[in-house]
Number of protein chains: 2
Amino acid sequence: MVSAALKLVDEVGVQAFSLRMLADVLESGTATLYRHFASKDELMAYVVDRVLGEVHVTGQEDFATWQDAITAGAEAFYETLRRHLNVLPLLMAQVPVGPNGLANRERLIQLLLGHGFPVELAARAFTAIGHYVVGFAVQQHGPGSAGPESGPQLLDFYRHLDPATYPATTSAAEELTTVPLEEEFRFGLRLIIKGLESGRDV
Amino acid sequence: MVSAALKLVDEVGVQAFSLRMLADVLESGTATLYRHFASKDELMAYVVDRVLGEVHVTGQEDFATWQDAITAGAEAFYETLRRHLNVLPLLMAQVPVGPNGLANRERLIQLLLGHGFPVELAARAFTAIGHYVVGFAVQQHGPGSAGPESGPQLLDFYRHLDPATYPATTSAAEELTTVPLEEEFRFGLRLIIKGLESGRDV
DNA sequence: ACCTGAACACCGTTCAAGT
DNA sequence: ACCTGAACACCGTTCAAGT
């Protein structure tokens, strides 16, 4: 059911996915699907939560520091997203409130609380890291891949960007496109962690 | 044209907006619309860029520190988003590559370069702040407002969350819902800035 | 009582026919 | 040459009719 929907989204993307398609795969009619969910939006929420259920930190939470724990959690999340790139638009368009999403949040927040974080900072840290990972994954998947491709005219505009008009942007773009990759992910993550370290005693 | 589309999106939301609707307002047919853009997606990209064009920093960039400049820019962006909450789903689902989006990016990156930032850090700072502001605005607009409402079953699940199962999440939720508002925005922004301060010499 | 084919009211996009 | 009404191939959702 949800697995079949996720598989289809993985294969054809959010845009192309339709309930008729799902009904065909399951060899039933579209009307029958509505016995399992109230609307397509609800089904998509289940799909997102299914993906979030695949996020598993390898080491059994025996991390020396909260910095290590955050890093491991963020990387596990990132690896999961890379296996389901087509689900990214759904993750960006909703706050995941399914059981798996909640469980993940609970795990990290509790871990931070255990390391002496005040509760507001722990909660804020979770969303900050989540946004970072999703944002990074989107960037890798290429601009406009999160949802429909941007208009061809705008893409053209972007490609033929005049360095004289946007010197900083173009030079930064060159730097960023020649950057390794996994390296970059860790770098930004370290930035957030540094911020959290400072934030603890503000 | 684009203004009419933005006005409609502001009024009825992304979900309800349709080309027929826009054609009616403009007193023409849907086919006529395609003389101005190649697809609905392209039109939406123009709408997003129109919104980004409304972001204006009040002080004429005479900030003592880059921290002040970033804060002012983020707040200007945030204020603009609050005037166009229904556009948020579009901003989350695409990397804005329109002229106004590029101009904003250029302005901040150049400012950071002027304060001695290395080019990669400046570029990364821009996206980090952008994600933060959009993420914060989404949070204010309420969960699920970015796009369709989450399924009622999931919302119910969220509301009747068992504090015994999710102690950290529920206690954090209580803390977060009773938080002032503008205060919170500045707090998270300060966190990012702290991270950037540390990141400059890593 | 449960299931579902067929219809409903849309949608974005195209194109032949009009001017 | 430009414009556009009408059609095309869909879509999510509903419900009366079948079992």
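All chains are named by letter (A, B, ...) in the order of the sequence lines, taking the proteins before the strands, and each is independently numbered beginning at 1. For clarity, every value in this text was computed on a predicted model and none was experimentally measured.
The interatomic distance linking B:Tyr34 (OH) with C:dT14 (P) rounds to 7 Å, in whole Å. The interatomic distance linking B:Met21 (CE) with C:dC11 (P) rounds to 8 Å, in whole Å. Rounded to a whole Å, the CZ atom of B:Phe17 is 12 Å from the C1' atom of C:dC11. Separating the NZ atom of A:Lys40 from the P atom of D:dC10 is a distance of 15 Å, rounded to the nearest angstrom. Atom C1' of nucleotide D:dT13 and atom NE2 of A:His36 are separated by 17 Å, given to the nearest angstrom. As rounded to whole Å, 14 Å separates atom C1' of C:dT13 from atom CG of B:Leu43. In this structure, A:Met44 places its CE atom 13 Å from P of D:dC11, rounding to the nearest Å. When rounded to the nearest whole Å, the span between CG of B:Asp24 and P of C:dC10 equals 12 Å.
For D:dC15 and D:dT19, the C1' atoms lie 16 Å apart once the distance is rounded to whole Å. One P atom belongs to C:dG18, the other to D:dC8, and the distance between them is 16 Å to the nearest Å. Taking atom C1' on both C:dT13 and D:dT13, the two are 22 Å apart, rounded to the nearest angstrom.
One finds no side-chain N or O of A:Arg35 lying less than 4.0 angstrom from the OP1 or OP2 phosphate oxygen of C:dC2. Contact between the side-chain N/O atoms of B:Thr32 and the OP1/OP2 oxygens of D:dT4 is found at a separation under 4.0 Å. At D:dC10, none of the side-chain N or O atoms of A:Arg20 fall inside 4.0 Å of OP1 or OP2 (strictly under the cut-off).
The CG atom of A:Leu6 lies 11.5 Å from the CG atom of A:Asp49; values are rounded to the nearest 0.5 Å. The CG atom of A:Leu108 sits 5.5 Å away from the CD1 atom of A:Ile129 when rounded to the nearest 0.5 Å.
In this structure, the ring of B:Tyr132 has its center no less than 6.0 angstrom from the ring center of A:Tyr132.
The nucleotide C:dA1 finds its pairing partner in D:dT19, both defining distances of the Watson-Crick or G-U wobble pair being shorter than 3.5 Å. The partner of C:dT14, taking Watson-Crick or G-U wobble pairs whose two distances both stay under 3.5 Å, is D:dA6.
Closest to the A:Ser18 side chain, of the nucleotides D:dG5, C:dA6, D:dG12, is D:dG12. Taking the side chain of B:Thr30 as heavy atoms from C-beta on, and the options D:dC15, C:dT13, C:dG12, the nearest nucleotide is C:dT13.
Within the nucleic acid shown, B:Ser28 has no heavy atom closer than 4.0 Å to any nucleic acid atom.
Across all their heavy atoms, B:His56 and B:Ala76 have their closest contact at O-CB, 3.6 Å.
Remark: A:Glu197 does not engage B:Lys194 in a salt bridge, criterion side-chain N to carboxylate O under 4.0 Å.
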